[in-house]
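Notes follow once the structure below has been shown.
What you see is a predicted model; the values in this text were computed from it and never measured.
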Amino acid sequence: MKKLVSLVLALCMVLSLASFATAEGEYNMPPMNTTDPIELSIMTWDDFEMTEALAASFMELYPNITVTVIRTTTADVTADLTNYAAAGDLPDAFFFLDLDPLMASPYMADISMYIENDEEAQTKLYSTIRKMGYIDGERCFFMAGEFLPATVFMDANVFEALNVEMPGQDWTWEEFVELTQTLTDPTQQIWAYSNGMYAPVTCGPIALTANSIGEFGWNGESYNFESGWAESLELQLENIRLGNTAVGGSDAYLAVDPSNEWPGQTGHVAVLTDAFWTLNNIYTQPLALDRGIKMVPYNPPVGAENAGQLAFLDGVAISSQCEHPREAYEMVKYLCWGKDGWMKRVELFPTIVWEGTENKAYNVPNCLPMIQDDELNEAFAALMPDLGYWNDWVSFMENIQNPVTWGARTIPGFNAFLANAYNGGDFNGTIGIEAAVSAGAADPWDYTTWLAEQGRYYYDQAMAAFFEIYGAPTAE
């Protein structure tokens, strides 16, 4: 952790970016300082054991650098950042969940010169991941820190019981729709679908909108509620109405499972939209194994050319107070997404145990590589477990296309838009558009333009606050 950097130094950093601008395909990365003693810190809320092991490996590569891992929680991270900033002692790098508070405070350094002069970043990162930190479309202020697909699980037992062939790993949105509408069989106590961590209205607009890099078809400048949103919401509500969706706590569900367990671990659901870590936390654990549940993981389906796939992507920024941003960039790259660090991570996954125990931390690695590299993907796929009923991790990796994370992490003003318009607006006497459509008080197609306009309004409000703190990009 470092002392507050002066505004003059910060201005010099911004002005220096222009001197490193290069033509496309040319890279001029500033050299690392490998001689002077340097202290760096990174704040994270997860994977402390792995992060500290990677930090130790990084320090072996750069003996002049000392890395400290600062621990926080998802509940405390924003408050901790505020407190560190007030003390003039921000961590040199930090993970975050909500972008807007960072935009309204001078916490983030412009890292454009580094990521744009890093050949690995420009040629290996998934394109949607590479675009994540460009808040104003021209300057990059953060990178992806961790990637997990918003995984769709399909129960091989249920498909077998229904005598239905499971789709290939390159499945489509149209197949998803058909499966959720046709696999319900009350005589066998089977529901076609259950939404765990997310529902069709969240993943559908991303999957059905070309070049989307955010929720609701966000493309960097505007939302597209006419492509995927209304039809996904209608699919979601219709499947609930027709009884195709397992709804925990409902009379129909309690009649099958009086203990009201989470539907995804009962063996009564064919298709579940959830998270990659559920494989590690539930489907490789005794409860699911003893029940013989055979959940096969899939990436989210795609329904439009060059569309996106919903993902859990955490952001990580370099502090504006960091005295060694070049070295901090290299640290973050090694700990988060670079090939060298990931090859070390692959080596470490089988060895990490939970702190203070002898319990192996990862039955299944908790996150996935963010770069397209055959050697790394092969090493990662070889590390993944043979589930006994499925072991096609190579195909799984090949069908990661354009990961797109949750709106609040990358879209300026997203949370304000949700709170004040999408979930907080009055739609013919019903609060919230989804509630209004469900109640029959609103037709979603009547509000596609209004919602896009409201989303852009709150984006503009957030950007105004951002430019006041960070300044507008300088025209070249």
Q) Is there a donor in the side chain of W229 and an acceptor in the side chain of E234, or the other way round, less than 3.5 Å apart? A) no

Q | Residues in salt bridge (charged side-chain N to carboxylate O under 4.0 Å, His left out) contact with D100, at least two apart in sequence or another chain | A | none

Q. Would a distance-only check, ignoring hydrogens and angles, find a side-chain to backbone donor-acceptor pair under 3.5 Å from S395 to W393?
A. no

(Q) Quick check: do T449 and F225 have side-chain heavy atoms less than 4.5 Å from each other? (A) no

Q: Using modelled atom types only, decide if a donor and an acceptor are shared between the side chain of N64 and the backbone of N33 within a distance under 3.5 Å.
A: yes

Q: Indicate the ring-plane relationship of Y223 and F414, choosing parallel, tilted or perpendicular according to the 30° and 60° boundaries.
A: tilted

Q | Nearest heavy-atom neighbours spanning R345 and C367 | A | NH1-SG, 3.5 Å

Q) To the nearest 0.5 Å, how far apart are CD in E453 and CH2 in W450? A) 9.5 Å

Q: Go through the structure and list residues passing salt bridge (charged side-chain N to carboxylate O under 4.0 Å, His left out) with D274, not counting sequence neighbours.
A: none

**Q.** Which atom of P369 lies closest to which atom of M397, heavy atoms considered
**A.** CD-CE, 3.9 Å

Q: Determine, using ring centers only, whether F96 and Y107 are less than 6.0 Å apart.
A: no

Q) What is the ring orientation for Y193 with F176, classed by angle as parallel under 30°, tilted 30 to 60°, or perpendicular over 60°? A) perpendicular

Q | R71 bridged to E355 by N-O distance under 4.0 Å | A | yes

Q) Quick check, are the ring centers of F153 and Y298 under 6.0 angstrom apart? A) no

Q: Report yes if some heavy atom in the side chain of W337 is under 4.5 Å from a heavy atom in the side chain of I129; otherwise report no.
A: no

(Q) Salt bridge or not between K294 and D155? Use side-chain N to carboxylate O under 4.0 Å. (A) no

Q.
Using a 3.5 Å distance criterion without hydrogens, assess whether the side chain of Q454 forms a donor-acceptor pair with backbone atoms of A421.
A. no

Q | Atom pair CE (M463) and CZ (F467), whose distance is rounded to the nearest 0.5 Å | A | 3.5 Å

Q) Parallel, tilted or perpendicular: which describes the rings of F380 and W342, with under 30° parallel and over 60° perpendicular? A) perpendicular

(Q) Please find the pair of heavy atoms, one from Y283 and one from G264, that lie closest to each other, and give the distance. (A) OH-O, 2.6 Å

Q: Answer with yes or no whether the side chains of T278 and N281 bring together a donor and an acceptor at under 3.5 Å.
A: no

Q. Partners of S212 by side chain to side chain contact (heavy atoms under 4.5 Å, CB included), sequence neighbours excluded?
A. I206, T209

Q. Any sub-3.5 Å donor-acceptor pair from S41's side-chain atoms to D92's backbone N or O?
A. yes

**Q.** Pairing of D460 and R456 as salt bridge, 4.0 angstrom limit
**A.** yes

Q | Heavy-atom pair with the smallest gap, counting every atom of D89 and Q321 | A | N-OE1, 3.4 Å

Q: Start with the C-alpha distance between T273 and N195, add both sets of side-chain angles, then the distance that settles side chain to side chain donor-acceptor pair (under 3.5 Å), and finish with yes or no.
A: CA-CA 5 Å; T273 48; N195 57 287; 5.8 Å; no

Q: Quickly, which of L81, D314, V332 forms a side-chain contact (heavy atoms from CB on, under 4.5 Å) with F95? Name it, please.
A: D314

Q. By ring pair (Phe, Tyr, Trp, His ring centres under 6.0 Å), which residues pair with F58, not counting sequence neighbours?
A. Y62, Y334

Q) In a check of side chain to side chain donor-acceptor pair (under 3.5 Å) between N211 and each of N306, N224, N219, N402, which one passes? A) N306

Q | Ring centers of F417, Y459 separated by less than 6.0 Å | A | no

Q. Just by modelled atom types, is the G228 backbone N or O under 3.5 Å from a matching donor or acceptor in the S232 side chain?
A. yes

Q. Who are the side chain to side chain contact (heavy atoms under 4.5 Å, CB included) partners of V394, not counting sequence neighbours?
A. A381, D392, E398

Q. Is the number of heavy atoms from other residues, nucleotides or ligands under 6.0 Å of E468 CD greater than 12?
A. no

Q: Assert yes or no for the condition that the ring centre distance of W277 to F312 is strictly below 6.0 Å.
A: yes

Q.
To check you understand the geometry: which heavy-atom pair defines the closest contact between G145 and C336, and what is its length?
A. O-CB, 3.4 Å

**Q.** Pair K124 + E119: basic N to acidic O under 4.0 Å
**A.** no

Q | Within-4.5 Å side-chain heavy-atom neighbours: I318 and M108 | A | no

Q: Over 60° means perpendicular and under 30° means parallel, so classify the ring planes of Y114 and Y329, tilted if in between.
A: tilted

Q. Would you say the side-chain atoms of T128 pair up with the backbone N or O of P403, donor to acceptor, closer than 3.5 Å?
A. yes

Q) Taking everything shown except N359 itself, do over 12 heavy atoms lie less than 6.0 Å from its CG? A) yes

Q: Find the distance between CZ (F48) and CD1 (I352) and round it off to the nearest 0.5 Å.
A: 13.5 Å

Q: Identify, with sequence neighbours excluded, every residue that meets side chain to side chain contact (heavy atoms under 4.5 Å, CB included) alongside T351.
A: L348

Q) How about Y470 and F141: are their ring centres within less than 6.0 Å of each other? A) yes

Q. Above 12 or not: heavy atoms from other molecules or residues under 6.0 Å from CD of E175?
A. yes

(Q) Show, in sequence, the C-alpha distance, side-chain angles and deciding distance for Y458 and N420, and conclude whether the side chain to side chain contact (heavy atoms under 4.5 Å, CB included) test is met. (A) CA-CA 9 Å; Y458 287 103; N420 297 310; 3.1 Å; yes

Q | Candidates N280, D46, D47 - the one meeting side chain to side chain donor-acceptor pair (under 3.5 Å) with N366 | A | D47

Q | Within 6.0 Å of CD in E221, more than 12 heavy atoms from elsewhere | A | no

Q: For residues L383 and P365, report the shortest heavy-atom separation together with the two atoms involved.
A: CD2-CG, 3.7 Å

